[in-house]
Amino acid sequence: MAAGRAPARGPTGGEFERRRRAVAAMAEEAQEDGATRTLPSLRRLSRALPFGRTHGRLGTSSSGRPVVSALCSQESVDPEKTAFLLRKSWTLYSVTPLYRFRRARLRDYGRLLSAFIAAEKQKGLAVEVGVELDIKVALSSLAELRGSELDQAALLVQLSSRSQASSRNSEDKPVWLGWFCSVFGDDLSENLPEDFTSLPLFLSHGAESYTALVGSWFQKTFDCCFRRLAISPQNLSWMVAMWAGCKLDRAASAVELIFSVPGLAQPLDISYAIHPEDAKALWDTVQKTPGEITQEEVDVFMDCLYAHFHRHFKIHLSAAKLVKVSTAVASAHCNGIVKILHSQYLPGVLMLLTELAISQIQ
Amino acid sequence: MDETVAEYIRRTVLKIPRDEIKMVLQKWGFLSEAQLQTLNFHQMKDSISQEIVQLCEENSADIKQAAVLDIIYNHIYQDKRIWSVYQMKKSGEELEYFDITDFKKKFKRRIRSALKNVTITFKEYEDNAIWIRVAWGTPHKKPNQYKPSYVVYHSQTPYVFISASVLKSNMPLLCQALIVASNYRDIREMELRSHSLNSLKDIVFKTYSQNFQTYTTKPLQEGNVEPENADIRIVQENRSEKERIYRLTQEVFGSGPQPKLEFAQYKLETMFKSDPKMDVLDKKEPFRCLVKFSSPHLLESLKSLAPAGMADAPLSPLLTCIPHKARNYFKIREKKGSVPESFVSP
């Protein structure tokens, strides 16, 4: 089956092909495991291995080049065009495929959504939306943000307010930002029935009351379903291991792991920050499989950090809850809030999050 | 009344919870009881503050009175600031009679000799504590009343508690004035910080109830319900292990309440010792980490780590030494040429 799919995918670059081979190999393996499901990501789930083997994508490829930077150059992400997505806190959601979404009708959607928000406010249902009465809605495509041509272009939703006092020449003040995207989310998209659009990952920045309004309009209009996307401690350790291994040109910030310790007389938080060079040096000796990252490698990396900590403090970090990781590449909190810091790794981070969103949907 | 004084009083009042404004004003004592009677405390804080400023206007308040109000505010709400402990050293062991007037005079003189534009205010409290507030200016600018330093000094002790101004450059001058005024030779920061001034005092004055009884053979009281037909040997083992952890914890932390600290920080520059079987990172350079513990009540949470099964008993001396060493900021390096399992902090 996997072999049969490959040619249909059209001309793509070398990295993409490599990734396909990885997925294909995984599919074969899964068949050997006796799995009978058809979607590759479901197999991944059945292996209880959240990011699957395919995460070699973020590691170093066999040529010793970080795969993500290759992704960037291939898809030619213009750092200028996506700069506004960096260094903001984004709340994550998974979204089921949109039904009868038409890219050509973005303008209409904007008008409809704007009218919907105005009507809801009139009803007084939206709390704390405050004084911004006239909300302008703009929907646009962000073609830069996708992994392959099987992915839909990202969809950006911008809400801005026009203050009443200064009518015309005053600039619109942005009040809320949200975007749907899919980066290598084809595991979901390629098996979709007609008339469905797969943009499984939704990220919002701004007042929750707006997120609720926009979400309910999309839910109503496209018959989709939003769910907050939490990140498990296990997935956080994957992230910190992968990001710790990323090459960064400039002086990078520390690789920080934040734990909370449950069941004590008083709450206790532990921040364990490692110099980025030392964390990378450790990861580079742990990461041995060329072109991919394995669960075992991630476990060894974390165990090494835990052992070093235990040697000093006699505390078992493995029994504490990992709640947040932050590196020069990105930071992620278990409650599903992320911040992406480095444009070079934007596609790589989104790829992981797309995958998490897809496994939540499925 | 100076407009800046009026504004400063207004802003200070706004910081106080509404129900407590009257109490603070009474402590201040600048407005008469009759004046306080005229105030309506059941309105918006903004309006209350306006009325208070009006009354201060009538009494022609100046910056000195405003600064006293600020000290009173910070004395009551002292947990809002971060306090650092400093220790002073004498050349000899001689004890001198402490004269508060002399102390104030020397302190002011030393600071004014270097910087004219300062506001220095003192207030004495019953527990022998002298609170000093210094608002700093520059040679050409009036003092910035919104970024003062606060110093709490207990006479006859070598300890000073400082909540520093964000204008850090004045710190050396402040320290100098303190040793000159109190007749000491030297002053150094102890690397002990907390929001709780009282806990810092407890730690350095050793007044917290830490009992160093080596054996507390009291058996465990709480929750010792064992399943009825459990293996007696396992139950015994569990119980003796629990008792061991309990005893070790009591030995280290004592049975009384712990002084309140909110954080501890360790800069580790120690070797990474990996399991040879793992074949990872074998470097001769230190593995650089910064570890921060934070909790609303750090020592109580550390104390409960081992009993909760989250840590070995006894807990690492790096953590248990906090109250004895009276510090919560550490830099840890590998001890040179000795047992690899021990650390030293400078």
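In this text the structure is predicted, and so the values were computed from the model without any measurement. In what follows, every heavy atom counts, from backbone to side chain, and hydrogens, waters and symmetry copies are set aside. Just so we're on the same page: letters track the sequence lines, and every chain starts at 1.
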Inset, instruction - May I ask you to name which of B/M310, B/Q265, B/K303 has the most heavy-atom pairs under 4.5 Å with chain A? - result: B/M310

Inset, instruction - Taking A/S271 for its side chain and B/V291 for its backbone only, find out whether a donor-acceptor pair lies under 3.5 Å. - result: no

Legend entry - Pairs involving residues 253-268 of chain B, ordered by first then second residue, that meet salt bridge (charged side-chain N to carboxylate O under 4.0 Å, His left out) (sequence neighbours left out): none

Inset, instruction - Identify which part of B/L305 has an atom lying under 4.5 Å from any heavy atom of chain A, answering side chain, backbone, both or neither. - result: both

Inset, instruction - For the residue pair A/D269 and B/F263, establish whether any side-chain heavy-atom pair is separated by less than 4.5 Å. - result: no

Legend entry - Side chain proximity check, B/D312 to A/H310, heavy atoms < 4.5 angstrom: yes

Legend entry - Over 12 foreign heavy atoms within 6.0 Å of CD, A/E296: no

Legend entry - Spacing of B/L302 atom CG and A/L264 atom CG [to the nearest 0.5 Å]: 8.5 Å

Legend entry - Neighbour count above 12 (heavy atom, 6.0 Å) for B/Q50 CD: yes

Inset, instruction - Identify which of A/S260, A/C304, A/A279 forms the greatest number of heavy-atom pairs closer than 4.5 Å to chain B. - result: A/C304

Legend entry - Centroid-centroid distance, A/H308 to B/F287, less than 6.0 Å: yes

Inset, instruction - Return yes if some donor-acceptor pair links the side-chain N/O of B/S295 with the main-chain N/O of A/L268 below 3.5 Å, else return no. - result: no

Inset, instruction - Inspect the surroundings of NZ in B/K80 and state if more than 12 heavy atoms from other residues, nucleotides or ligands are less than 6.0 Å away. - result: no

Legend entry - Any residue meeting side chain to side chain donor-acceptor pair (under 3.5 Å) with A/R228, in chain and number order, not counting sequence neighbours: none

Inset, instruction - Against chain A, label B/Y266 side chain, backbone, both or neither, depending on which of its atoms sit under 4.5 Å from a heavy atom there. - result: side chain

Inset, instruction - With a 4.5 angstrom heavy-atom cut-off, could you sort out which part of A/A307 is near chain B: side chain, backbone, both or neither? - result: neither

Legend entry - Distance-only donor-acceptor check, side chains B/T270 and A/H312, under 3.5 Å: yes

Legend entry - Atom pair OG/CD1 of B/S294 and A/I270 - distance to nearest 0.5 Å: 9.0 Å

Inset, instruction - Inspect the surroundings of NZ in A/K280 and state if more than 12 heavy atoms from other residues, nucleotides or ligands are less than 6.0 Å away. - result: yes

Inset, instruction - Would you mind checking which part of A/F301 comes under 4.5 Å of any heavy atom in chain B, side chain (CB onward), backbone (N, CA, C, O), both or neither? - result: neither

Legend entry - Heavy-atom closest pair, residues A/A265 and B/S304: N-OG, 3.0 Å

Legend entry - A/K321 NZ: over 12 foreign heavy atoms closer than 6.0 Å: no

Inset, instruction - Please flag which part of A/V300 lies under 4.5 Å from any non-hydrogen atom of chain B: side chain, backbone, both or neither. - result: side chain

Inset, instruction - May I ask you to check whether over 12 heavy atoms, not counting those of B/E241, lie within 6.0 Å of atom CD? - result: yes

Inset, instruction - Could you check if a side-chain atom of B/L268 sits within less than 4.5 angstrom of a side-chain atom of A/Y272, using non-hydrogen atoms only? - result: no

Inset, instruction - Identify the heavy atoms of B/C289 and A/I274 that sit nearest to each other, and give their distance. - result: SG-CG1, 4.2 Å

Inset, instruction - For B/K292, look at atom NZ and say whether over 12 heavy atoms of other residues, nucleotides or ligands are found less than 6.0 Å away. - result: no

Legend entry - Contact origin within B/P317 toward chain A - heavy atom pairs under 4.5 Å: neither

Inset, instruction - Determine whether B/L290 and A/H275 make a side-chain contact, defined as any pair of heavy atoms from C-beta on separated by less than 4.5 Å. - result: no

Legend entry - For B/S301 against A/P267, the heavy-atom pair lying closest together: CB-O, 4.1 Å

Legend entry - B/E20 atom CD, neighbour heavy-atom count above 12 within 6.0 Å: yes

